[in-house]
There are 2 protein chains.
Amino acid sequence: MSTKEGATVVNLNRMKHACRECSLRELCLPVGLSDTDIRSLENMIKRRKTLKKGDFLYRVGDPLSALYAVSSGSIKTSELAHDGDIQITGFHLPGELLGIDAISTDLHPCDAVALETTVVCELPMGKLEDLARDIPSLQRQLLRVLSREIVQDENLLMMLGKMNAEARLAACLVSFSERFERLGHSGTKFKLSMSRQDLGDYLGLALETVSRLFSRFQEEGLIRVEGRHIQLLNLAGLRALTGKGAAGQGSRHQPVA
Amino acid sequence: MSTKEGATVVNLNRMKHACRECSLRELCLPVGLSDTDIRSLENMIKRRKTLKKGDFLYRVGDPLSALYAVSSGSIKTSELAHDGDIQITGFHLPGELLGIDAISTDLHPCDAVALETTVVCELPMGKLEDLARDIPSLQRQLLRVLSREIVQDENLLMMLGKMNAEARLAACLVSFSERFERLGHSGTKFKLSMSRQDLGDYLGLALETVSRLFSRFQEEGLIRVEGRHIQLLNLAGLRALTGKGAAGQGSRHQPVA
DNA sequence: CGTAGCTTTGAGTGTTATCAACTCTCGTGG
DNA sequence: CCACGAGAGTTGATAACACTCAAAGCTACG
């Protein structure tokens with residue numbers, strides 16, 4: 001298969017990972033579950049998988065056997081067009097669930113590739129459904145997670161359909177900022193795990209356009225760029241560029257409207 | 001509320017609409033449910049609502065009280081951007097479910113507007129969850145429907161991110177063709193219920209571009225256009241265009257959808 | 001260190017948005 | 001019955017934003 005067996009050999013003794021002790025439990029599936037319910041969830045988790053950079057978690061057409069929760073690292077999901085063009089449909093950070101777009105057909109419609117060394121928790125689909133039936137709050141949470149994914153996709157739709165390149169990258173950076181912060185990391189200084197090409201394939205832009213925008217944002221004092229190390233110097237300014245600026249100070253360069 | 005009470009007064013005696021006798025049951029929520037299960041579903045359905053063209057089914061920020069299944073007619077869902085730009089996130093035909101993107105926050109993130117006289121079945125959210133707990137196959141079906149929506153959004157993402165204007169409209173027409181056919185209508189001759197502006201707001205194009213493309217497709221013998229009446233003359237040709245057809249069209253790979 | 005991949009920057013091009021004028025349809029009211 | 005106006009659609013001219021092609025600089029890793 002695509003993922004090496006060797007990877008899962010490491011730390012077999014840690015396989016019985018406890019959701020209760022996981023720092024991500026408030027971001028992941030256990031939200032709103034009682035302690036006993038979480039214990040049931042723990043028992044269901046088959047194992048944790050470690051992926052190296054470039055490893056596939058699953059591929060287009062693979063049958064759905066489990067959902068995966070990112071524990072550490074990051075994963076990109078992408079769809080291939082007939083002519084080889086790639087659309088990245090999401091970057092998945094710790095606490096986020098993968099594979100839910102496969103539920104409708106029981107086949108994965110996209111590839112999932114690790115952007116760096118990444119650990120995921122495996123949630124066997126059958127057991128998850130059984131458990132959801134027994135635990136109403138888990139059922140609700142599952143629906144919520146799916147629904148949240150729809151909302152995220154629709155936000156991305158808005159970006160691709162109605163925003164210019166500048167606004168797209170700004171919105172993307174703001175999104176990363178918020179998500180890193182939720183993870184307890186810095187929301188203004190972080191390292192991107194994906195390439196310019198990946199960002200372009202996500203935002204519907206050429207990689208050169210992404211690169212140029214990074215340079216321009218730096219010139220304008222909005223961010224500091226050093227390869228994949230990003231520092232957000234003017235978060236409000238970035239937000240203003242996305243259009244949704246509530247705390248907008250006059251960072252209006254060109255009348256976008 | 002946004003929708004007038006008057007609309008629902010008509011035909012109160014038909015309120016006890018039977019899913020069992022609905023021609024859409026194989027497209028809608030009852031898929032895979034037993035006869036008794038469907039009966040439980042019927043009892044849950046609060047009522048049917050009739051909307052006139054332009055009526056809102058719900059608005060951004062409205063609390064989620066029910067999901068809606070389109071029975072006849074069509075509905076567009078759209079999000080408003082800061083500067084007034086709108087992105088249409090979907091056109092919903094009979095048999096399709098609306099409101100599922102509100103489950104994550106219990107608030108509707110988009111507007112839903114009838115494109116023509118439209119009838120919807122109302123599925124109270126709380127009762128639906130209760131019923132899903134009692135009927136495992138309904139739970140599965142519910143997850144499936146949500147997941148399918150994600151897949152659809154991701155297809156649209158692919159269009160907006162990677163396809164040119166020509167390919168987008170072609171893909172859109174092919175999609176309508178397939179959906180009308182599933183509904184038992186003609187897949188090659190149909191009337192669009194939405195304006196060029198709506199199509200543009202869906203495809204991320206200016207309305208003028210949409211209009212020009214219709215004209216060009218007609219010149220090329222792909223379709224026949226008469227206002228909103230569309231006839232597809234060369235479905236294979238349209239499909240070829242969705243594979244990014246400007247250059248050579250020797251596409252060996254199968255179309256996605 | 002050397003190579004391969006990633007990133008930056010430049011120059012030129014093209015697809016598509018924007019602005020604008022005109023037609024057509026349809027419903028309303030004079 | 002026709003004039004009128006509003007909304008929808010078509011078509012043309014122009015220009016901008018982002019893509020493509022190209023080359024050089026940089027980074028990382030064996």
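Here is how names work: the chains are called A, B, and so on, in the same order as the sequence lines, proteins then strands, and each is numbered from 1.
Closest approach to the B/A206 side chain among C/dA17, C/dT9, D/dT11 is made by C/dA17 (side chain taken as heavy atoms from C-beta onward). Residue B/A165 places its side chain closer to C/dT16 than to any other of C/dT8, D/dA18, C/dT16. Residue B/L205 has its side chain nearest to C/dA17 when only D/dA18, D/dT11, C/dA17 are considered.
Rounded to whole Å, atom C1' of C/dT16 lies 13 Å from atom NZ of A/K162. Note: CG (B/L207) to P (D/dA8) measures 10 Å, nearest angstrom. Taking atom CG on B/D198 and atom P on D/dG7, their separation rounds to 15 Å, with Å as the unit. As a whole-Å value, the separation of A/L192 CG from C/dC6 P is 15 Å. Here the C1' atom of nucleotide D/dA8 and the CD atom of B/Q197 are 10 Å apart, to the nearest Å. A/R196 places its CZ atom 12 Å from the C1' atom of D/dC26, with the value rounded to the nearest Å. Atom-to-atom, CE of A/M194 to P of C/dC6 comes out at 14 Å; the value is rounded to the nearest Å. Residue A/L213 contributes atom CG, which lies 15 Å from atom P of C/dT7 at whole-angstrom precision.
Residue-to-nucleotide proximity on DNA chain D shows that, of A/H229 and A/T209, the 5′-proximal contact is made by A/T209.
For C/dT16, the OP1/OP2 oxygens have no side-chain nitrogen or oxygen of B/R212 closer than 4.0 Å. Not one side-chain nitrogen or oxygen of A/R228 sits closer than 4.0 Å to the OP1 or OP2 atom of D/dA28.
From A/L160, atom CG reaches atom CG of A/L203 across 7.5 Å, with rounding to the nearest 0.5 Å.
Rounded to 10°, the angle separating the first-five-pair axis and the last-five-pair axis of the helix from C/dC1-D/dG30 to C/dG30-D/dC1 equals 30°.
Residue-to-nucleotide contacts include a donor-acceptor pair under 3.5 Å from the side chain of B/E208 to the base of C/dC19. Checked by distance alone, A/E226 brings no side-chain donor or acceptor within 3.5 Å of a matching partner on the base of D/dC26.
The side chain to side chain donor-acceptor pair (under 3.5 Å) test with B/T77 is passed by exactly one of B/D101, B/T89, B/D111: B/T89.
Crowding of A/K191 atom NZ: a count of heavy atoms from other residues, nucleotides or ligands under 6.0 Å exceeding 12.
Between A/F190 and A/F176, the two ring planes are tilted [angle within 30° to 60°]. Between B/F180 and B/H185, the two ring planes are tilted [angle within 30° to 60°].
Looking at A/E96 and A/R148, no side-chain N of the basic residue comes within less than 4.0 Å of a carboxylate O on the acidic one, giving no salt bridge.
In terms of heavy-atom proximity, B/S72 sits nearest to B/P94 at CA-CG, 3.8 Å.
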